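Before any comments, here is the structure.
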Amino acid sequence: MRYLPKSDAERAAMLRDIGAASIDDLFSIIPEEYRLTRDLAIPRQMGESEIVEWFRNSAAKYTIRHTSFLGAGAYRHYRPVVIDSLVQRGEFLTSYTPYQAEISQGTLQAIFEFQTMICELTGMDIANASMYDGSTGAAEAVMMAVRITNRHHAVIASTVHPEYREVLATYTKHQSLPTTTIGYDNTTGRIDLRALDEAVTGETAAVLIQSPNFFGIIEDIPAVADIAHKKGALLIVSIAEAISLGIVRPPFEADIVSMEAQSFGVALSYGGPYCGVIAAKEKYVRQMPGRLVGQTADRNGYRGFVLTLSTREQHIRRERATSNICTNQALVALMATIFLTIYGKEGIRELAEHNLAKSAYTAQALTAVPGARLRFQGAPRFHEFVLHTDEEPAAWHRRLRAEKIVGGLELNRWYPELENDTLWCTTEIVPREKIDIAAKQLAALPVEA
Amino acid sequence: MRYLPKSDAERAAMLRDIGAASIDDLFSIIPEEYRLTRDLAIPRQMGESEIVEWFRNSAAKYTIRHTSFLGAGAYRHYRPVVIDSLVQRGEFLTSYTPYQAEISQGTLQAIFEFQTMICELTGMDIANASMYDGSTGAAEAVMMAVRITNRHHAVIASTVHPEYREVLATYTKHQSLPTTTIGYDNTTGRIDLRALDEAVTGETAAVLIQSPNFFGIIEDIPAVADIAHKKGALLIVSIAEAISLGIVRPPFEADIVSMEAQSFGVALSYGGPYCGVIAAKEKYVRQMPGRLVGQTADRNGYRGFVLTLSTREQHIRRERATSNICTNQALVALMATIFLTIYGKEGIRELAEHNLAKSAYTAQALTAVPGARLRFQGAPRFHEFVLHTDEEPAAWHRRLRAEKIVGGLELNRWYPELENDTLWCTTEIVPREKIDIAAKQLAALPVEA
Amino acid sequence: MEKEKTEKFIGTRHKVRSHQTQNEALVFEKSSPGKRAYRLAQLDVPAVDPAALLGDAVRSQSGELPELSEIEIIRHFTRLSTWNYAIDLGMYPLGSCTMKYNPRVNELVARIEGLAEAHPYRPDFLAQGQLDVIDLLQECLLEITGMDAITLQPAAGAHGEFTGILLTRAWHESQGNPRRAVLIPDSAHGTNPATAAICGYAVENLKSNSNGGIDLEALTRQVDEQTAALMLTNPSTIGVFENQIHKIADILHAKGALLYMDGANMNALCGKTRPGDFGVDVMHLNLHKTFSTPHGGGGPGCGPVACKAFLEPFLPIPVLVKDANGEKSWNYDRPHSVGRVRAFFGNFGMFVRALAYILANGPDGLRQTTEDAVLNANYIRAKLQDLYDLPYNTPSMHEVVFSDRRQMKNGVRTGDIAKRLIDYGFHPYTVSFPLIVPGALMIEPTESESREELDLFVDAMRQIAREVEENPQVVLDAPHSTRVSRLDETTAARKPILRWRKP
Amino acid sequence: MEKEKTEKFIGTRHKVRSHQTQNEALVFEKSSPGKRAYRLAQLDVPAVDPAALLGDAVRSQSGELPELSEIEIIRHFTRLSTWNYAIDLGMYPLGSCTMKYNPRVNELVARIEGLAEAHPYRPDFLAQGQLDVIDLLQECLLEITGMDAITLQPAAGAHGEFTGILLTRAWHESQGNPRRAVLIPDSAHGTNPATAAICGYAVENLKSNSNGGIDLEALTRQVDEQTAALMLTNPSTIGVFENQIHKIADILHAKGALLYMDGANMNALCGKTRPGDFGVDVMHLNLHKTFSTPHGGGGPGCGPVACKAFLEPFLPIPVLVKDANGEKSWNYDRPHSVGRVRAFFGNFGMFVRALAYILANGPDGLRQTTEDAVLNANYIRAKLQDLYDLPYNTPSMHEVVFSDRRQMKNGVRTGDIAKRLIDYGFHPYTVSFPLIVPGALMIEPTESESREELDLFVDAMRQIAREVEENPQVVLDAPHSTRVSRLDETTAARKPILRWRKP
Ligand SMILES: Cc1ncc(COP(=O)(O)O)c(C=O)c1O
Ligand SMILES: Cc1ncc(COP(=O)(O)O)c(C=O)c1O
């Protein structure tokens, strides 16, 4: 086996040194009846060229470069080349969690830089070293709020990503943590503030909203914050499209922000690995889940970085830990750090502006189609919008696909009331020409009329 | 410009430090009339994504994965993944010629390993750090022989790669170094030994042959060596397909070997960069062109490596140097070194055997076609052969291309006498199924009969 | 053999020599306004006025992101990287972490455009290629574990534990009672109790017996109708195979409790024995350990959960299904499901890498891998047991756990020996875990180490043992050969500086 | 700012600190029979018996290639790489070598399958994509140089010189007399005279004037009907623009001789002035200098040759041509061609990289790049001229050349200062070239250095100057901070060991 650095002669010699007659001696503790005496029924050992071929073929299935208007929590942005050149350096790729600071300063400093960038973008004081993704991050944020407030009820906007809400439900189910879901305003697509005001009580640990929300609409954060805070509840803002922070006002009024950083240079990769991260106000640091890197000095006075406040974590606190998370998304966080370093202060804004422009153009082009209109009006959007078409989506989807275009996502899957409503996302990589074709096809007569 | 690490403020400050009023001051030495006062008429500055798109599009033109039976000095073999992972490490990719040994030991040791591997493969005593390619290497080898023998005439087999011979002609033209070209035996496709025997005289500096020769046929090296040596001429063997050395007897009798190492893990890349290398008998070391790395020790007794015997080179010897070469093909030589380390002693043999088998199968399949036969018989081949077809190649080429197959190379371009003769190469990466399709198409009736 | 003499060393460092590494400030400290490392493609639609479109929601002040040029970024992260130790540089014997070789072909295939650029909501008929990968990986993992059903959704081991215990709980609920407690041996990894707690279970500590294994009597006494499950790591965290495993399963099953196996140590079992065959009801795997996906400085990972058929109805949604003509799709209609544990389908990029690893090995390769892993651990044990205390002398599988009992006499603890190992060119072993071994040295070489590298490790450990006798101070002050040494963790925790701030 | 105190340093090293690097033996010393790093695809045709097929020509004994596993190979070359200095690690001010940033996108596009896997003999109609790249690069380079025709075939600068002088010779021959000699200033790079010799020309040395430039009187005296050409480097190797260039051209042309320009220093001219405009007849470019293709530890390079229209007929074959409807193809029917200078079409992979660089810059980017390169060199000159002797105080373009005259007084030569620079974390400048400057320090920062990096360099050079005064020995013994120091080159050359041999 080409990954194994031993010849049979060396194996034999080592067995002699150990004093074992054969390799089986070393497995003799396994009860006879449970020893596997046959080959595993898995594919035979393949050559490297065969492996590459196998994956090339599966990748090639039906994937002749489509243009996609899909977003909904996973966004395709251009990924600068240097990201992969750098994260593939073995020193980053093949190192473990930086427990031994003396030989892990590279990873540690990069995480410290990541934590800082997340704070700068979200307007929070502190950020952790990453969570699994935006959905588990949101769930952990709610549990964090429960620990902070010692209250046991949460209020959640129905405009939070449906799958995030499903994950939250899975996490809260067994923690006697009832939740109330608040609907959206039918005209603006924002959370229904009146309903929210009624739902938030002195028992409410936190209000969880998403902005831009699942419909691409930016919530009125100050207003939501007032409602939450006046009852002593925390405001948690979930952000699924991190690029929005280049141009959209950060949720300064939030107590905790849970963000999905996939948009920062991370491939779509059919849904993962992505990079969740939790940021919060300084005073909540000891309830923060996940790893934290802190600055310190070594015995010679050199600046250095270490994993810190680990008494919050499972390997010290065990069942009383703030979370059970151990392995996180470090390398993906490094990708995000490099991405943000490349775009920087100006670039992230310019990039967000391009997304804004592309989406505005798409909305204009598609709503010019007879029988198509924006589902929500009157509140600002980033780069996604909900389109209503008189024609049923299945019909025009067929026409778009003939042009190798994947149109908007059908929403009735999660929102039964949203019949014929689809969610369209346009990032900077979608060429105008494709937008025009999409509009043309949308306007075209159904194939079978 | 995103590659430039300066802000305009920093530029201004530096100009102040220099004491220049403006950047133009620094260019004032250029006579007014020659200063360019307009923009260069080249494409506008592009974003990275636009650059990638531009090359993707040009790469995509007509290149929907063809299977090719082309060889003739450029061979497609599978390139193990680790080669690119390693040569793209900045420490190898972005370093210069290792003149400063203390901070170049990585490159130096790798070259020393390369030199050793080339010697082990070719059966020679010494090898240099690389030449531009197989063609210039062959030319330099002939000039090396001239310096060694102090004779001024060379004898060259017509079965040496035609483009190598053209390059040799360009190099020898101005060195009053007449050459005689020896034809091939019509049945075996090997060099015509009788003609050779007549051509080699006491004035002959060297006999240059290629093995496997341009027709894929392995020359009778001992016989050729006898003829050369008995007249005191040197034997230079050019090797265009380095993989052959895994299974073909090395040219032990040669005095100098000039090899193209492209087959060792180097991409076809439309003809370059490749990697020439010259190997020779120890006693000729001081006439060797190009760089040499030698082992030594540092002041603490540690083993280390340095560039050595540089008195042969242009930067010391100037017009009396053994060659004008300076920049060589170092990184490509590193690819070859990694490739040879991956395959190793056994792998290189096994790989050569697979090539032998694939080619034997192809020869069998194609010669089974009515009107098709092997052009040469009776001498051993490696993985190329010359096929004669009664039908003119242009006709069946069209049929093969409809199947995305590029058939054998037409030889009359260089050998007018070889009408309807094509050179077929089959490496390990050509799947049997494609060979069968090629045979089927060759047998099929002409489209327009 | 090259030698280096310095007062700091009694013996000889064969593995490393000092050289120089570049300093590098924080990326923010290298920033200056006006530098750029990006250039966007020309905008092909009309530009818009953000303020007009966003109103109050527009960002008035940008965050303080750094402004650098591309070469400075390449240098910044390249320089940082040179401060790290990594598998690619040498042996990384972190016990329980299985720091094995991360094949480069895995990185290549995970980046093939058709796989890397696939949107998770692309319609199933466009995602057949992705679904093929998932399907084959699931098949392989089921065969390797001997279980009946599997989910790849969990993002890491702890996430897998969470999922597995949720399955357990859902099943008990379906039987009318979720039950109260989960039994966890004192040798368990911290994520086990933390997980049980999140799932709403009380954690009952199970004392290990004199061999560091499960005490059957104690177990029998502790298991009752309120016991939901036992979370067992097998081989245990001291690297010992629990050969009473079937009896343990019986005891649990007799009381209606389930056996959960923490599969972090599957690297000791692949191709030699299957948890499904020895009574395990549910377990998780760590693709980032056993199946070679890179640790990447702390993640990402992937923690698939495999279970027996009776737990299948409770798997997280969605579940992969195949129709008659092999067309694959996602099934969300699963009334008994515990629900989702994360968005989308899991860390797909890790699925690709793990599958590439399995295909590169095949049945023979996986078996040989397991044998070499166990061989290496036993080799280290044999070569060091005369100098280091072996708290449990039960046979070792893939890792060996020593204690610092002897070195303690000279005031040297496992953490000091670990730091000293750095001077000898190795990443330390896992320090002071498992808790049942005071001052533990937890050593897992994995199969990826050559005999040469193992001998260098043994040599270093033996030299350190000698230094502890002859000059303990040099060990207590280690490391001596690194850019920074003994960072002040106390101050870091007392006055946390968790981010850079603009001066 | 971090500080490090050691007896070896009077001052402070701001740029580097010592850390550890892994040792690594020769790959052959790590070999053992039976280890494997490869596995071939299953053979899908009948196996053959080599002995039967090849007879006497079969290889009876394999060469001693190493046998290792994949992880050992990754570690071997990764460890070796950590012993190298590189642009990615810091400033690399090798005069005349233009060690600028090598953009990563260049590496990506050069590896796009359709480009990387194209066979040179694929029919032209299948190669239109490749020909587009070649065509656009040629257009750009002609515009940049202001010349009329170009060939991309030469593999490096010296190869380009060879090609350019061949064009010159062919033209003279077409005029009835190849002529006898090529004039070469004593400041020229070694490849210039070496090239002239290969082309069958006598080399006539041209003494530089007091400014290190061409002495017009001397030139006028030396040029005659036997002079084929003058090989001039402009800016010269001391970084000075030859502002008499048009007069020089006139003097040569008056005698029917040609002006060849060594374009190694084009990084000082791009976008600011064009050789074609100031009288150059033929020149070469180094894509691996001015156009950012990586040096790769010594190569590969690419040395295109551009010329005026009257030399076009002599260009190497083949030449790219376009038909009416833009279809591109290779033309081999060129009766006056000097012939081929290498097989196929040149280092195509370098064409791709250079073109990517030009597209990333555009006209404004190239001009700014040139300005920054010149700015950096002058900045260094301004900051060091009080401590280091400036043999020529003519204005500098992209590089500045000092001499060790002052340091010599304390017995320290340029080579020693160079070694000492290593201790301060920099790659040395070019040592003792050009020959017209005894003890030259030839410094070319390129545009890729930030002010911060330049200031660190200046600081290091100034500290060294002080050390030369206060403690020359520490400089003479440098470097002190590297894995190896002052290797014995004499023995290496006296008893050459050029390869490993099986013990
Ligand atoms: C025994 C054991 N269980 C569980 C875990 C947790 O796995 P992860 O870090 O992937 O969450 C680990 C990881 O170190 C472990 O060693
Ligand atoms: C002035 C000058 N001319 C010619 C050359 C030779 O170029 P190459 O090394 O690409 O052959 C160099 C390279 O160092 C040079 O500096």
Side-chain angles (χ1 to χ4, degrees), chain B residues 1 5 18 29 34 39-40 42 45-46 55 58-59 61 63 70 86 89-91 94-97 102-103 105-107 116 120-121 132 135 163 166 170 174 218 267 269-273 294-296 298 304 308 314-315 318-319 321 324 327-331 342 344-345 347 357 361 380 432, chain D residues 37-38 44-45 48 54 57 63 65 67 77 80-81 83-88 109 112 114-116 118-120 129-130 132 140 155-156 158 190 193-195 197 200 203 278 295-301 339-340 343-344 347-349 359 362-363 365 382 450 482 484 487-488 492 497 499-500:
Chain B
M1 204 285 127
I18 294 170
I29 187 172
Y34 301 127
D39 274 358
L40 287 166
I42 60 174
Q45 191 173 140
M46 289 188 188
F55 284 99
S58 51
K61 283 195 184 174
T63 50
L70 296 173
L86 289 168
R89 282 184 59 85
E91 294 89 335
T94 72
S95 59
Y96 193 68
T97 306
E102 287 91 347
I103 46 176
Q105 284 298 304
T107 297
T116 304
E120 287 292 337
L121 285 167
Y132 300 138
S135 69
E163 294 194 357
E166 291 174 35
T170 309
H174 311 297
I218 299 160
S269 190
Y270 201 56
Q295 178 180 316
T296 184
D298 87 340
T308 190
Q314 45 75 26
H315 61 280
R318 307 194 56 101
E319 58 266 44
N324 71 331
T327 289
N328 59 16
Q329 302 291 112
L331 197 72
I342 290 166
K345 188 176 185 176
Y361 179 83
R432 174 188 199 146
Chain D
Y38 73 96
D44 61 359
V45 299
V48 294
L54 301 179
L65 295 182
E67 297 176 82
F77 292 99
L80 260 54
S81 74
W83 304 344
N84 277 3
Y85 188 89
I87 297 173
D88 282 7
V109 293
I112 292 173
L115 299 174
H119 192 286
Q130 286 72 38
D132 288 348
C140 291
T195 296
V203 173
F278 54 66
H295 278 83
R340 271 188 176 283
F344 311 120
N347 285 345
F348 178 79
L359 295 178
S450 66
T482 48
V484 290
L487 293 115
D488 180 349
I497 303 174
R499 57 166 295 183
W500 169 87

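Heavy-atom basis, side chains included; hydrogens, waters and symmetry copies ignored. Every chain is numbered from 1 and lettered A, B, ... according to where its sequence line falls, protein lines coming before strand lines. Note that the coordinates shown come from a computational prediction; the quantities given were computed from them, not determined experimentally.
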Open item on the list: Taking side chain as everything from C-beta outward and backbone as N, CA, C, O, which of these in D:T482 sits under 4.5 Å from a heavy atom of chain B? Side chain, backbone, both or neither.
Closed with: side chain
- [ ] Using non-hydrogen atoms and a 4.5 Å limit, figure out which bit of D:A382 sits close to chain B: side chain, backbone, both or neither.
- [x] side chain
Closer than 3.5 angstrom, by distance alone: can the side chain of [X] be matched with the main-chain N or O of [Y] as a donor-acceptor pair?
X: B:R432; Y: D:D44; value: yes
X: B:T94; Y: D:A86; value: no
X: B:S95; Y: D:N84; value: no
X: B:D298; Y: D:D488; value: no
X: B:E163; Y: D:F344; value: yes
X: D:D132; Y: B:S58; value: no

Got a second to check how far [X]'s [atom1] is from [Y]'s [atom2], nearest 0.5 Å?
X: B:F55; Y: D:L115; atom1: CZ; atom2: CG; result: 7.5 Å
X: D:I497; Y: B:T296; atom1: CD1; atom2: OG1; result: 7.5 Å
X: B:I342; Y: D:L65; atom1: CD1; atom2: CG; result: 12.5 Å
X: D:H119; Y: B:L70; atom1: NE2; atom2: CG; result: 5.0 Å
X: B:S269; Y: D:Q130; atom1: OG; atom2: CD; result: 9.0 Å

Task: Non-hydrogen side-chain atoms of B:Q105 and D:V484 separated by less than 4.5 Å - done: yes
- [ ] Evaluate the side-chain proximity of D:L487 to B:Q295: yes if any heavy-atom separation is below 4.5 Å, no if none is.
- [x] no
Minimum heavy-atom distance [X]-[Y], with the two atoms named:
X: B:M1; Y: D:G365; result: CG-CA, 3.8 Å
X: B:E319; Y: D:A197; result: O-CB, 3.5 Å
X: B:S135; Y: D:A343; result: OG-N, 3.0 Å
X: D:N347; Y: B:P273; result: OD1-CA, 3.1 Å
X: B:E91; Y: D:S81; result: CB-O, 3.1 Å
X: D:A57; Y: B:P380; result: CB-CG, 4.1 Å

Contact part of [X] toward chain D, heavy-atom cut-off under 4.5 Å: side chain, backbone, both or neither?
X: B:L86; result: side chain
X: B:Y361; result: side chain
X: B:I29; result: both

TODO: With sequence neighbours left out, write down each residue that passes salt bridge (Lys or Arg N to Asp or Glu O under 4.0 Å) with D:R499, or none if nothing qualifies.
DONE: B:E120
Open item on the list: Here's a test for you: under side chain to side chain contact (heavy atoms under 4.5 Å, CB included), which of B:L331, B:N328, B:T327 qualifies with D:P300?
Closed with: B:L331
Open item on the list: Show, in sequence, the C-alpha distance, side-chain angles and deciding distance for D:T195 and B:N324, and conclude whether the side chain to side chain donor-acceptor pair (under 3.5 Å) test is met.
Closed with: CA-CA 6 Å; D:T195 296; B:N324 71 331; 2.9 Å; yes
Counting heavy-atom pairs closer than 4.5 Å to chain B, which one of [options] comes out on top?
options: D:R340, D:E67, D:H295; value: D:R340
options: D:G362, D:G298, D:A194, D:G63; value: D:G298
options: D:A492, D:G200, D:P363, D:A37; value: D:P363
options: D:S450, D:G339, D:G301; value: D:S450

Open item on the list: Please rank B:G347, B:G344, B:G271 by heavy-atom pairs under 4.5 Å with chain D and give me the top one.
Closed with: B:G271
Open item on the list: If we define contacts as heavy-atom pairs under 4.5 Å, which of B:Q329, B:R318, B:H315 has the most with chain D?
Closed with: B:R318
